[in-house]
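Numbers for residues simply follow the sequence, beginning at 1. These numbers come from the heavy atoms of this one structure, side chains and all, not from hydrogens, waters or symmetry mates. Whatever order the structure lists them in is the order used to number ligands and atoms, beginning at 1.
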Amino acid sequence: MTMHHKRMEEQCVTGWAARDSSGILFPYSFTIRKMGDEDVTLKVLYCGIDHTDLHQMRNGIHLSIYPLVPGHEIVGEVVELGSAVKKFKIGDLVGVGCIVGSCGDCSSCMSNMEQYCRNRIFTTNGIYKDGKPTQGGFSTAMVVHQKFVVRIPDKLSPEQAAPLLCAGVTAYSALRQFNGSDKILKAGILGLGGVGHVGVQMAKAMGHHVTVISSSDKKKVEALEHLGADDFLVSSNAAEMEGAAESLDYILDTVPAVHPLKLYLSLLKVTGKLLLVGVAPKPLQFESDDLILGKKSITGSFIGSMEETQEVLEFWAEKGLKSMIEIVKADYLNEAFERMEKNDVRYRFVLDVAGSNLN
Ligand code: NAP
Ligand code: ZN
C-alpha cells in the first residue's frame, strides 16, 4: 500500500442500527462509499453517545431515515487517504463530529461557521452528495471528507477525546464569547449531563464562578468535589432558587425536555444571557417581562465549527481537563440508552467500537 492508496470499491462494514422508531439497535451491515481524492477512511475506535442519538433513533425531533446508524462523537485511526489529502497520514488519531459536509460557498461556510450552512450534511440521518443516507460512528469504519476531520492532540486518549466532538464543542462554541473576560463571571450550567459536565469544567477553566442547576441533589457531591463547581442549586427548591435570583451572568441550558424558562431567566442578572443548547421536543415558554424588565436575552447555539472543534480539543488538552465517561461495548448499547433516558449516566457513555464483538 502506498501512502496515498485509494480504494476504488465500496467497502462493507458492520454497525449497529435502529430499524424503526422503537429505537432498538441491531447489528447491521452496509457499504460505505468509494474514496474520493479529498476523503479519509478511518477505522472507528470509540464513539461517544449523545442524547441527540436517542432523539434520532426514536424519530424524536426530525424525520428519521431507517436503518439509522447513530453516533457523531467519533474517534478513529486513519487507514486510507485520498490523493489530495495532505493534512493527515496513515495511523493518525482523528475525530469526526456532527457534520460531514456543507455547501462551501454560502455566507456561513465563508465565515467558518459551516455548522449553520443550510446545506450542511449531518454525520448520521443526513443525505450525502451521492444521494445515500449518511451513517454514523456506531460502525467499524467511515469515509469522511478531510475538511470534516480533526486531529486529536497527543495528550488526549481516544476515549477521552470522544465526548468533545459534540458535547465539548457545543459547550465551547457557546461559552467562548465569555473567555478572557477581565471580571469573574458568574456562570450557571443547567442540566448536568454529557454537555453540562464538560461545560462546568470549561467554564471553570475560563476562570468563571460556576453554579450547577440540577433537577435533584443526586449529583451535588460530584459536581462540587469532582467537577470543580462552586455552587449547586436544585431547581425544585424554591427557597434556594429565590436566594439566587439575579445572580448569574449567563446560563448554559442543556435540558433535553420542556422546562419553564421563566424560572431560569429569574436567575440572570440584568443583561444576562440564557444560552440554549438543549433541544426540547415541544415549544418552550416565557413571558415578555422575563426578558424586557432585565434586558435579558435568550440565544441558541448549535455545535461548533470545524475550527472550534479543533480548538476545543487543544483547549481541553492544554488545561488538562478530563471528561467523566463510562465505556461500554456494543452488547450494552440498548441498556445504555435506557439508562440515558432515565438520567442515569455519569456523565457520558462512550462506545468501545473496536473492542466490541461485531458479528
Ligand atoms: P444528557 O446527558 O441526557 O443530559 C441532560 C441533562 O439534563 C440530564 O443529565 C439532567 O441533568 C437534565 N435533565 C434531563 N431531563 C430533564 C428534565 N425533564 N427536566 C429538567 N432537566 C432534565 O444529554 P446531553 O447529551 O448532555 O444533551 C443535552 C441536550 O443537548 C439534548 O437535547 C441534546 O440533543 C442537545 N444537544 C444539543 C447540541 C447543540 O448543538 N445545540 C449538541 C449536543 C447536544 P440533572 O440531573 O442535572 O437535572
Ligand atoms: Zn454553506
With a 4.0 Å cut-off on N to O distance, would you call [X] and [Y] a salt bridge?
| X | Y | result |
| --- | --- | --- |
| E38 | K87 | no |
| D92 | R151 | yes |
| E114 | R120 | no |
| R348 | D50 | yes |
| K329 | D352 | yes |
| R33 | E10 | no |
| K269 | D249 | yes |

Best match, [options]: closest heavy atom to [atom]:
| atom | options | value |
| --- | --- | --- |
| atom 13 (N) of ligand 1 | P260, P256, G300, S236 | P256 |
| atom 3 (O) of ligand 1 | Q115, H197, H51 | H51 |
| atom 21 (N) of ligand 1 | I189, V277, V255 | V255 |
| atom 4 (O) of ligand 1 | G304, S301, G193, A223 | G193 |
| atom 8 (C) of ligand 1 | L190, D217, N343 | N343 |

Legend entry - the Zn ion (ligand 2): angle it makes with SG (C103) and SG (C117), nearest 10 degrees: 110°
Inset, instruction - Take the Zn ion (ligand 2) as the vertex and measure to SG of C109 and SG of C106; round to 10°. - result: 110°
How far is [atom] from its nearest protein heavy atom, and which residue and atom name does that atom have?
| atom | answer |
| --- | --- |
| atom 28 (C) of ligand 1 | T254 O, 3.1 Å |
| atom 40 (O) of ligand 1 | I303 N, 2.6 Å |
| atom 2 (O) of ligand 1 | G194 N, 2.9 Å |
| atom 33 (C) of ligand 1 | T52 OG1, 3.5 Å |
| atom 32 (O) of ligand 1 | V279 N, 3.0 Å |
| atom 45 (P) of ligand 1 | S214 OG, 3.3 Å |
| atom 48 (O) of ligand 1 | S215 OG, 2.6 Å |
| atom 30 (O) of ligand 1 | G278 CA, 3.4 Å |

Relative to the heavy atoms of [X], which atoms of ligand 1 are at a distance of less than 4.0 Å?
| X | result |
| --- | --- |
| D50 | 25 (O), 43 (C), 44 (C) |
| A257 | 17 (C), 18 (N) |
| G191 | 7 (O), 11 (O), 12 (C), 47 (O) |
| C166 | 42 (C), 43 (C) |

Inset, instruction - Evaluate the ring planes of F337 and F138, with Trp represented by its six-membered ring, and classify them as parallel (under 30°), tilted (30 to 60°) or perpendicular (over 60°). - result: tilted
Inset, instruction - Take the angle between the ring planes of Y347 and H197 and call it parallel below 30°, perpendicular above 60°, tilted in between. - result: parallel
Inset, instruction - Could you tell me whether L192 and ligand 1 have an N or O pair separated by under 3.5 Å? - result: yes
Legend entry - Heteroatom distance test (V258, ligand 1): nitrogen or oxygen, under 3.5 angstrom: no
Would [X] count as a contact of ligand 1 if the rule is a heavy atom under 4.0 Å away?
| X | result |
| --- | --- |
| K219 | yes |
| R348 | yes |
| A167 | no |
| V345 | no |

Legend entry - Close aromatic pair by centroid cut-off 6.0 Å: F26 and Y28: no
Closest heavy-atom contact between [X] and [Y]?
| X | Y | value |
| --- | --- | --- |
| L25 | A18 | CD2-N, 3.4 Å |
| G199 | L175 | O-CD1, 3.9 Å |
| M241 | L263 | CE-CG, 3.6 Å |

For ligand 1, indicate whether the residue [X] contacts it via side chain, backbone, both or neither (heavy-atom separation under 4.0 Å).
| X | result |
| --- | --- |
| S235 | neither |
| V195 | both |
| H55 | side chain |

Legend entry - L274 vs L268 side-chain heavy atoms within contact, under 4.5 Å: yes
Inset, instruction - May I ask you to decide if S21's main-chain N or O and N59's side chain share a donor-acceptor pair within less than 3.5 Å? - result: no
Inset, instruction - For Y116 and F302, indicate whether the former's side chain and the latter's backbone hold a donor-acceptor pair under 3.5 Å. - result: yes
